[in-house]
Amino acid sequence: MATPAGLERWVQDELHSVLGLSERHVAQFLIGTAQRCASAEEFVQRLRDTDTLDLSGPARDFVLRLWNKVPRKAVVEKPARVAEQEARALLEKNRSYKLLEDSEESSEETVGRVKSHLQKKRKKRKHLRKKCQDEEEEEEEEVSEKGKRKTGGSKQLTEKPESEDEWERTERERLQDLEERDAFAERVRQRDKDRTRNVLERSDKKAYEEAQKRLKVAEEDRKAMVPELRKKSRREYLAKREREKLEDLEAELADEEFLFGDVELSRHERQELKYKRRVRDLAREYRAAGEQEKLEATNRYHMPEETRGQPARAMDLVDEESGAPGEEQRRWEEARLGAASLKFGARDAASQEPKYQLVLEEEETIEFVRATQLQGDEEPSGPPPPTQAQQKESIQAVRRSLPVFPFREELLAAIGNHQVLIIEGETGSGKTTQIPQYLFEEGYTKKGMKIACTQPRRVAAMSVAARVAREMGVKLGNEVGYSIRFEDCTSERTVLRYMTDGMLLREFLSEPDLASYSVVMVDEAHERTLHTDILFGLIKDVARFRPELKVLVASATLDTARFSTFFDDAPVFRIPGRRFPVDIFYTKAPEADYLEACVVSVLQIHVTQPPGDILVFLTGQEEIEAACEMLQDRCRRLGSKIRELLVLPIYANLPSDMQARIFQPTPPGARKASANQRAGRAGRVAAGKCFRLYTAWAYQHELEETTVPEIQRTSLGNVVLLLKSLGIHDLMHFDFLDPPPYETLLLALEQLYALGALNHLGELTTSGRKMAELPVDPMLSKMILASEKYSCSEEILTVAAMLSVNNSIFYRPKDKVVHADNARVNFFLPGGDHLVLLNVYTQWAESGYSSQWCYENFVQFRSMRRARDVREQLEGLLERVEVGLSSCQGDYIRVRKAITAGYFYHTARMTRSGYRTVKQQQTVFIHPNSSLFEEQPRWLLYHELVLTTKEFMRQVLEIESSWLLEVAPHYYKAKELEDSHSKKMPKKIGKTREELG
DNA sequence: CATAAGAAC
């Protein structure tokens with residue numbers, strides 16, 4: 001029996017060799033657990049329960065060996081009843097999991113299969129056992145003889161080795177012996193050979209003959225020895241293999257018998273299984289039907305040849321924001337723009353003599369300096385806009401006019417010659433729409449292979465796909481399709497597949513090598529979204545073992561060198577070409593109130609510049625609304641003095657109908673808008689001017705060249721989970737284009753560990769795998785998984801869906817603030833904001849998902865519809881994560897507990913000095929919008945922290961501290977959850993006073 | 001007590 005220290009070292013070594021990990025506390029934990037278990041089964045099961053190790057593969061083997069080694073301590077037995085209950089629950093869980101995994105079997109078939117499977121294994125075990133026994137007996141005889149021949153002291157060798165240690169030692173000795181003998185024979189042979197050669201060289205005939213003789217003898221010796229050696233070593237090898245096989249089998253059987261031993265199902269259980277299967281099948285049918293319907297709906301998209309009479313569309317192929325959408329899309333856009341468009345000013349004002357002077361006298365003017373001109377190929381005047389007739393002429397002509405077109409052959413050659421190609425081209429050069437078509441024409445989609453093209457935004461993926469389908473003269477969803485969340489418009493025939501980057505990322509889960517794709521094009525790479533960045537790492541990896549996969553990285557001018565370096569110095573293909581020059585103007589001096597300045601500038605441009613549209617970029621919704629109001633207000637005052645001005649506010653992903661002149665106000669240093677790129681947009685349609693509401697100096701010195709990549713800014717929980725489920729364990733060394741800060745990564749890992757998605761070793765657990773299936777944040781998915789336990793998945797789904805639409809549930813127009821706030825307060829329920837959200841959704845659902853209801857209650861219809869989409873998607877995924885649909889029937893405690901199970905990480909408690917987060921002791925405040933803003937309960941949980949003027953908790957829920965112990969006993973100790981007033985004052989205070997005094 | 005974005009799965 002090994003000493004405790006020796007044992008620990010052994011475990012550490014084993015851990016290291018089996019799992020590549022050497023942590024002392026893990027070793028100690030394993031030994032400790034083994035000591036407390038009554039049987040190997042219990043040990044295995046307990047480890048499985050705690051999700052400490054992923055007990056498949058070599059780990060289980062090692063665990064069983066450990067079990068054999070550990071000296072048992074006295075076991076504190078659980079009461080028989082409790083133990084039995086636990087075992088039953090466990091059995092149930094594992095059984096239904098395994099059984100349900102099989103697809104089409106009936107439960108009887110499953111039982112039959114499992115039984116015969118067990119039987120086969122048992123037979124095999126019997127056979128192996130016998131074989132091994134025979135072998136051992138034979139060996140024992142041999143060994144005992146050998147032992148007798150040797151000097152004494154090896155008596156124990158004649159007995160069956162007691163511990164594995166000894167067994168291993170004898171084994172090793174024997175092997176060594178064998179090896180030595182083999183080496184000796186080899187040496188003899190070699191020596192004689194050498195001698196012969198030497199002798200031959202000397203031509204000494206006599207010596208030669210002698211040597212020859214000796215060689216013969218040696219050869220014969222060896223010949224006689226070899227078969228014996230061979231036979232012996234082979235036999236030993238086989239025996240060893242068999243023993244190993246037996247060990248494996250025993251372990252497997254032990255497990256399986258434990259799980260399936262009494263696999264005979266009761267009638268009740270069988271019925272339940274049947275029911276579950278029925279539900280699953282129904283869900284499947286339902287989903288299939290839904291998809292069919294969706295596809296049909298999207299096939300109705302008919303893209304008319306004519307555009308809507310807008311000039312100069314020729315260049316505008318990429319940015320379909322201003323493309324020529326079909327009827328359905330147009331209605332969609334209009335619905336979104338809604339009542340937001342306003343007309344004012346006199347309709348026929350253009351015919352009157354504009355009175356600029358008057359306007360400019362009233363408003364303080366802003367001086368701009370023309371600083372630079374971004375070069376274009378065309379003359380500043382620009383070509384005359386194509387007439388409608390020209391547009392009708394041919395789509396192909398339009399395609400030919402694109403900047404990429406002249407480079408078609410060169411580009412295809414480059415793609416043929418290089419696996420990875422970086423393509424640099426301004427938005428509008430046609431890379432997004434044309435290159436996949438070129439590849440298609442070139443035959444990259446033969447043999448059922450597909451081309452993927454990723455976009456960072458949903459609208460982009462949709463509209464580009466529509467455009468390309470039209471150019472190719474096929475229906476959207478046939479050869480060309482798009483795939484975005486909630487909407488898969490592809491079919492079996494689809495070979496050009498536009499998709500959001502997140503979508504492709506998800507596809508890695510089902511197809512880690514992207515086997516069905518011949519080309520992957522990552523578009524808009526310069527945007528550096530989190531998803532594109534992760535894609536880079538994964539694709540680079542895939543490309544290494546799939547040499548025939550072509551990788552294209554398309555980016556606007558920024559950063560192509562970086563991409564090239566990342567992809568092992570891949571060549572960069574530059575598509576020259578902004579067609580129209582853009583003048584860039586800067587303000588002479590920095591503006592203090594840039595919103596005001598912006599409005600003034602718009603009017604200024606409106607009256608002084610030739611007719612054209614003005615596009616204003618602002619930082620947020622509120623600013624946009626404010627600016628609109630100001631503009632409307634001023635125009636109304638000016639009345640017929642100026643030409644008509646149509647103001648169209650646009651935020652989020654609303655498609656725009658504006659064009660040409662670009663005007664860009666930017667607060668120095670405060671944003672993500674990349675100014676250069678905006679200028680790029682301007683030149684796409686016609687020559688334009690870009691006004692920047694900051695000085696040239698500020699542009700050069702204060703704005704960061706490019707924005708910090710998203711991957712370095714955001715929480716990585718999701719990403720880490722995804723990567724882990726793709727089998728990438730070593731995240732610290734994952735090939736990131738820009739690695740995220742070490743701390744962020746660590747934080748994500750820690751959080752996932754706390755949520756039970758990863759075990760001690762940083763490996764994905766079963767529940768982690770399930771969590772990765774759900775397209776929501778880890779804490780949300782944990783909450784959803786927990787709803788099974790508290791039987792309230794219906795409610796939790798709603799809460800999850802409502803939480804994932806971003807704080808935009810309540811509509812709060814400036815002129816009706818009081819009404820809106822009243823409406824909001826009407827939804828309040830005791831307990832907290834999560835329940836309020838649940839309440840809103842439930843009432844909306846009861847209203848038949850009506851938009852009228854939303855309007856009356858100051859709820860944003862769009863957000864609600866999105867929440868419904870999310871909810872439906874999540875509901876569809878429930879069975880995959882083995883959560884049944886169930887309702888709490890008004891017992892909100894259960895809902896709150898389930899939420900706590902996911903968000904125990906985000907808790908705060910009231911102390912003398914206000915709220916503090918429980919673990920980090922960070923000072924936080926309830927968000928003024930919260931339903932608990934005035935309640936100030938002692939314990940609460942928050943959905944997120946936002947740092948504005950203070951660190952605010954948004955969406956808070958009142959909880960009881962005891963729940964934390966219930967849902968996360970591994971995370972909280974009873975002691976830290978004692979209420980503060982019962983706590984003693986820390987000693988330190990006295991000392992501090994002394995120091996102060 | 002005092003309200004700051006947006007994109008995606």
Side-chain angles (χ1 to χ4, degrees), chain A residues 454-462 483-488 499-510 524 527-535 595 617-626 650-654 667 670-673 707 709-711 713-719 721-723 725 771-778 780-781 800-801 803-808 810 812 814 817 820-821 824 833 862-863 866 869-870 872-874 876-877 910 913-915 923-936 944-956:
Chain A
T454 71
Q455 298 290 323
R457 268 173 294 282
R458 293 161 50 90
V459 232
M462 261 167 68
S483 170
I484 57 180
R485 191 185 183 181
F486 308 129
E487 237 178 295
D488 185 11
M499 48 173 50
T500 43
D501 45 12
M503 215 56 191
L504 186 63
L505 212 50
R506 284 268 148 192
E507 280 204 7
F508 268 92
L509 277 177
S510 50
E524 312 291 347
E527 294 210 13
R528 303 296 309 277
T529 67
L530 178 65
H531 291 156
T532 347
D533 269 26
I534 303 290
L535 275 181
L595 203 59
F617 289 90
L618 292 165
T619 52
Q621 182 175 333
E622 245 176 53
E623 269 178 14
I624 294 174
E625 279 171 357
I650 287 172
Y651 19 86
N653 54 3
L654 303 184
R671 43 181 300 132
K672 62 170 193 176
T707 33
E710 192 181 359
I711 195 168
R713 294 184 276 128
T714 44
S715 141
L716 294 177
N718 249 337
V719 168
L721 197 57
L722 185 82
L723 290 179
S725 54
M771 283 163 70
E773 293 271 341
L774 299 171
V776 289
D777 275 342
L780 271 179
S781 43
L803 284 174
S804 38
V805 304
N806 252 341
N807 306 307
S808 45
F810 297 107
R812 200 165 179 267
K814 270 213 177 100
V817 173
D821 285 351
R824 195 165 54 86
D833 300 325
R862 277 214 309 159
S863 306
R866 206 187 129 74
D869 279 343
V870 176
E872 272 168 15
Q873 189 191 28
L874 291 176
L877 289 168
M910 181 56 99
S913 49
Y915 280 110
T923 310
V924 287
F925 301 85
I926 296 185
H927 198 281
N929 271 349
S930 168
S931 62
L932 294 179
F933 185 59
E934 278 161 25
E935 307 263 329
Q936 307 276 330
E944 62 182 353
L945 285 183
V946 281
L947 177 67
T948 51
T949 53
K950 277 180 183 171
E951 197 78 60
F952 285 110
M953 299 179 276
R954 211 144 57 177
Q955 316 292 17
V956 294

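So that the names make sense, note that chain A is the first sequence line, chain B the second, and so on, each numbered from 1.
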Asker: Using distance only, find each side-chain donor-acceptor pair of residues 948-955 of chain A under 3.5 Å and give its atom names and separation, not counting sequence neighbours.
Answerer:
unit_1    : atom_1 : unit_2    : atom_2 : d
Glu951(A) : OE1    : Gln922(A) : NE2    : 3.3
Arg954(A) : NE     : Glu944(A) : OE2    : 3.2
Arg954(A) : NH2    : Glu944(A) : OE2    : 3.4

Asker: In whole angstroms, how far is the C1' atom of dA7(B) from the CZ atom of Phe486(A)?
Answerer: 13 Å
Asker: For the CD atom of Glu872(A) and the CZ atom of Phe486(A), what is their distance to the nearest 0.5 Å?
Answerer: 9.5 Å
Asker: From dA2(B), dT3(B), dC9(B), pick the nucleotide closest to the side chain of Arg812(A)?
Answerer: dT3(B)
Asker: Tell me the interatomic distance from Arg528(A), atom CZ, to dA8(B), atom P, rounded to whole angstroms.
Answerer: 19 Å
Asker: Does Leu505(A) reach a base, just sugar-phosphate, or nothing at all? Heavy atoms under 4.0 Å.
Answerer: nothing
Asker: Just the rounded figure in Å: distance from P of dA4(B) to CG of Leu945(A).
Answerer: 13 Å
Asker: Any idea which of dA2(B), dC9(B), dA7(B) is nearest the Phe933(A) side chain?
Answerer: dA2(B)
Asker: Decide side chain to side chain contact (heavy atoms under 4.5 Å, CB included) for Glu527(A) and Arg457(A); before the verdict, give the C-alpha distance in whole Å, the side-chain angles of both, and the deciding distance to 0.1 Å.
Answerer: CA-CA 11 Å; Glu527(A) 294 210 13; Arg457(A) 268 173 294 282; 2.7 Å; yes
Asker: Taking only the side-chain nitrogens and oxygens of Arg458(A), find out if one of them lies under 4.0 Å from OP1 or OP2 of dC9(B).
Answerer: yes
Asker: Mind checking Gln936(A) for me? I need base, sugar-phosphate or nothing, with any heavy atom below 4.0 Å counting as a touch.
Answerer: nothing
Asker: Using a cut-off of strictly less than 4.0 Å, decide whether Thr500(A) has a side-chain nitrogen or oxygen near OP1 or OP2 of dA7(B).
Answerer: no
Asker: Report the nucleotide, chosen from dC1(B), dT3(B), dA8(B), that has the shortest atom-to-atom distance to any side-chain atom of Lys950(A).
Answerer: dC1(B)
Asker: Of all the nucleotides listed (dA8(B), dG6(B), dA4(B)), which has the minimum atom distance to the side chain of Arg954(A)?
Answerer: dA4(B)
Asker: Restricting to side-chain contact (heavy atoms from CB on, under 4.5 Å), what partner residues turn up for Met503(A), sequence neighbours left out?
Answerer: Ser483(A), Met499(A), Thr500(A)
Asker: dT3(B), dA8(B), dC1(B): which one has an atom nearest the side-chain heavy atoms of Glu934(A)?
Answerer: dC1(B)
